[in-house]
Amino acid sequence: MASSTPTHYCINPTKPYPSSQSPLQKPPKTTPKLLAASPSPSLSSSFTGSSTAAASSSSSPHVPQPRSSPLLGPEFRRARTTRVISKRNTNSPKPPNPSCRAASPAARDCLAVMSRTAADSPALTTALRSFQPRLSVPEDYCSILHDLGDRDKCPSKAAEVFHFSMTLTRNMTEKGKLLTAAISSLGKMGFHELAREVFDTGLREGYGNTVYAFSALISAYARNGMSSEAVAVFESMKARGLRPNNVSYNAVIDACGKGGTDPMISMGLFREMLWNGLRPDRKTFNSLLAGFSRVGHFDHARMLFDEMIFSGIGRDIYTYNTFIDVVCKSGNMELAVQVVSLMPANGVRPNVVTYSTVIDGYSKLGRFDEALNLFEEMKSLGIQFDRVCYNTLLSIYMKTGRYQEIARVCNELEMLAIEKDTFTYNSLINGYGKQGRFDVVSCLMQEMRQRKVPPSVLTYSTLIDIYSKAGMYGDAANVFLEFHESGLKPDVVLYSSFIDTLSKNGLVDFAVCFLNDMMKMGIKPNVVTYNAVIDAFGKSRISVEEDGVRQDSGGREGCGNQILKAFGQLAKGIGAPVADETRTSEEMLCILDLFQKMIQQGVKPNVVTFSAILNACSRCNSFEDASLFSEQLCLFDNFIYGVTHGLLMGYRDVWIQARSLFDELRRMDRPTSSAFYNALTDVLWHFEQRLGAQKVVLEGVQRQVWENTCSEFSLDLHLMSSGAAQAMVHAWLLRIRSIVFSGCKLPEFVSILTGWGKHSKVAGSSTLRRVIEALLNTIGAPFQLERFNMGRFVSPGAVVSAWLMESGTINILLLHDKRSQQAIPVNLLPRLHSLQL
DNA sequence: TTAGGGTTAG
């Protein structure tokens, strides 16, 4: 409930903001208990603001500062979603909110009959006629229309009610009310075009020029993620002399958030609202908060979250859930848990959305056990699971390969009569597809058809991707044909997946051509698209003769044909590898060109891009060539450039900043952060900053970047790149040496497991075993390949011990940097200055 | 008029 006398609004993202020391320096090691977590004193004082009343002036209700670099934005962390933000066609309508409208018993009965009756049936008119004497005009009809929007997906029923009730109206006001209800209903159903038609009719016939009708249409666009259309309607209502009210502003701000518009545009609308003498309410703030949450801007979200107390707006369950979502996106799960734990004291009880948000946060970081523990906590608290929550659970079981649990959850869904939706099927198809269970995938597709669950673009993208990755190009082509016939529009995910397939099969030139084609079609590539192509340059490349995949096609239709042709060619196998010596210079030019395109299009790189750039550096023959690439880092991000350049040049002072970067990487899932560590150590090793590479690896090991890397006498390198692995071998042998010199006896055998070096992206080093074998030979370490395990080197403890005790061994094991300098040059200082945390 | 879930790069 908003305070009646808000004191001030102070939303200025650039203003200095009071900071407090994060109490989360030592995250709790125990299993998270959302409601049992006890806040630290410094944090609890930050949350003393009541959910419904203004904070006292003595309290300071801001949340702790994140421990992130000011230069590492959400893009770096991959927190910014690359998904289409709108949830149109999700087939999961929200339950009706009966508190909003007080429908008469007759209206409720009529709605029940309408719900049971088939669309376009004459029985609908019969029912409306029979209920007519008991229904008030326009209130009951408006109520029925709203409820149909909440629970039905049948626009013809809404149209029937609308046209029937319009014949009963006595004046323009009543017509206007019904019009607004019909627009709202159609918008909720996802039929924004129909909503627009109805709106235009109302406008033409003289009862649609109202703030209500305009606001309803804005909202209809908002629900469907169409922010530019919503803004256009908002501007047109002003041009017609109508004064937007709170609902209009809230709707357009909501539309901007859902449509992925820059949240600063929403902030402009917020200021305009104040300028026009309107008083933003909690929904305004919640929508603004959601806008910042969607793009992962924690700092702005935190300011709004605090401001809601300062200005007397108060916080509700939506506020908390939205804020917790952005905290989860920042990777700070400890803070998320603490914010949840403070909700009850502020009069707001965590609900299924709160838990789903935190659970998904853990899941995205690969912390599945903590996520699953929270499901148990939900059960113990009696919080009912809903469809979204079940989908989150299924997604975790998919990622962790718990197929028996998946079957159990599917049965549970059946028992609870919770229907699987497009999200559920997409998740299941992707999971089973990645496991190669195409039999299950076919069954799932069949079930979708039988149950009339509409496939989305993502369903087709997923199918094409899993078939392509399995080399089943004919099946992929068939799905593409089906997709083409569906009338759905291709999107960036579909194209990115296809470009990745071309890239991975050595057809990088074609991948770049398709990148241009998708732009011609108005589909903007995202960071994933670019990362796929940049990374592909490191793989073996195929040249294609004139009768190969592509003749330049241009237009929309041609592009579809080209895709089918490409699948056909991929199925046959085409081309010939390009000789190594012709690759490097061409590759450099192509990658530099891609960087330019990214900059031109405002596509911000993330940590995966940086890993790809570093890997490209590792493929360069000279330090000068690599510098050309690393300078590109500077165009994107001074922070990463400063750290990388500093490490490559051997500036000792750079380690403070480097550790800040490593701490930031802790907020990411293991595969992402280990890929970056691998890329960084590879480039350092490649350019003979060997001690630097070793220090980076040890920072990674300390932060548990690689799972099961190191037990005392058995070294597991299988997740490491060649540079990281070689640096690690030296560090591990030095550690064993110190154990030997301390007088301890080594076990019977010590071993090094190499696996296949699956994370190394450096051309020619895909077999980690060979690299380690060469290293061990070079340094004279007495290890041999195990007879029945070609990925494991072993040595009797006594033999290794004797070797380590030889006088010359220590000098062989100690690593050095080729470039070693004390101080950072003055010209680099400005770049690094802002990194001080 | 406000909150959570599915995909493509590593």
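- For A:Ser496 against B:dT8, a side-chain N or O and a base N or O form a donor-acceptor pair under 3.5 Å.
- Considering only side-chain N and O atoms, A:Lys364 lies under 4.0 angstrom from the phosphate OP1 or OP2 of B:dG6.
- A cation-pi contact, defined as under 6.0 Å to the ring centre and within 45° of the axis, is absent between A:Arg302 and A:Phe323.
- When each of B:dG6, B:dT2, B:dG4 is scored by its nearest atom to the side-chain atoms of A:Ser427, the top-ranked nucleotide is B:dG6.
- In this structure, A:Lys469 reaches the B:dA9 phosphate: one of its side-chain N or O atoms is under 4.0 Å from OP1 or OP2.
- Contacts of A:Thr322 with the nucleic acid, taken as non-hydrogen atoms under 4.0 Å apart, involve only primed sugar atoms and P, OP1 or OP2.
- Relative to the side chain of A:Val352, the nucleotides B:dT2, B:dA9, B:dG4 differ in distance, and B:dG4 lies closest.
- Interface remark: the A:Asn526 side chain does not form any donor-acceptor pair with the B:dA9 base, using a distance-only criterion of under 3.5 Å.
- For A:Lys434 and B:dT8, the shortest distance from a side-chain N or O to OP1 or OP2 is below 4.0 Å.
- Counting only heavy atoms from C-beta on, A:Asp316 has its side chain closest to B:dT2 among B:dT1, B:dA9, B:dT2.
- Nearest nucleotide to the A:Tyr318 side chain, out of B:dT8, B:dG4, B:dA3: B:dA3.
- No hydrogens or angles were tested; on distance alone, a donor-acceptor pair under 3.5 Å links the side chain of A:Ser356 to the base of B:dG4.
- At the phosphate of B:dG10, neither OP1 nor OP2 sits under 4.0 Å from any side-chain N or O atom of A:Arg670.
- In this structure, the nucleotide among B:dT8, B:dG10, B:dA3 sitting nearest to the side chain of A:Asn430 is B:dT8.
- Every residue meeting the salt bridge (Lys or Arg N to Asp or Glu O under 4.0 Å) condition with A:Asp360, not counting sequence neighbours, appears here in chain and number order: A:Lys364.
- Of the candidate nucleotides B:dA3, B:dG4, B:dA9, B:dG4 has the atom lying nearest to any side-chain atom of A:Val388.
- Contact annotation: side chain of A:Asp421 to base of B:dG6, donor-acceptor pair absent below 3.5 Å.
- Of all nucleotides listed (B:dT1, B:dG6, B:dT2), B:dG6 comes nearest to the side chain of A:Thr422.
- Atom OH of A:Tyr212 is surrounded by 12 or fewer heavy atoms from other residues, nucleotides or ligands within 6.0 Å.
- In this model, a side-chain donor or acceptor of A:Ser456 finds a partner on the base of B:dG6 within 3.5 Å.
- Listed by chain and residue number, A:Glu414, A:Glu447 satisfy the salt bridge (Lys or Arg N to Asp or Glu O under 4.0 Å) test with A:Arg451 (two or more places apart in sequence, or in another chain).
- Counting only N and O atoms by type, the side chains of A:Ser618 and A:Asn615 include no donor and acceptor under 3.5 Å apart.
- Listed nucleotides: B:dT1, B:dG4, B:dA3. Nearest to the side chain of A:Lys283: B:dT1.
- For A:Ser497, whose side chain is taken as the heavy atoms from C-beta onward, the closest listed nucleotide among B:dG10, B:dT8, B:dG4 is B:dT8.
- In this model, the phosphate group of B:dT8 is not approached by any side-chain N or O of A:Lys504 to a distance below 4.0 Å at OP1 or OP2.
- When all heavy atoms are compared, the tightest approach of A:Ser248 to A:Val211 is OG-CG1, 3.5 Å.
- Considering only side-chain atoms of A:Ser395, the nucleotide from B:dT2, B:dG10, B:dG6 that sits closest is B:dG6.
- Stacking of A:Phe423 onto the six-membered ring of B:dG6 is present: less than 5.5 angstrom between centres, less than 30° between planes.
- Across all strands shown, A:Ser461 has no heavy atoms under 4.0 Å from either base or sugar-phosphate atoms.
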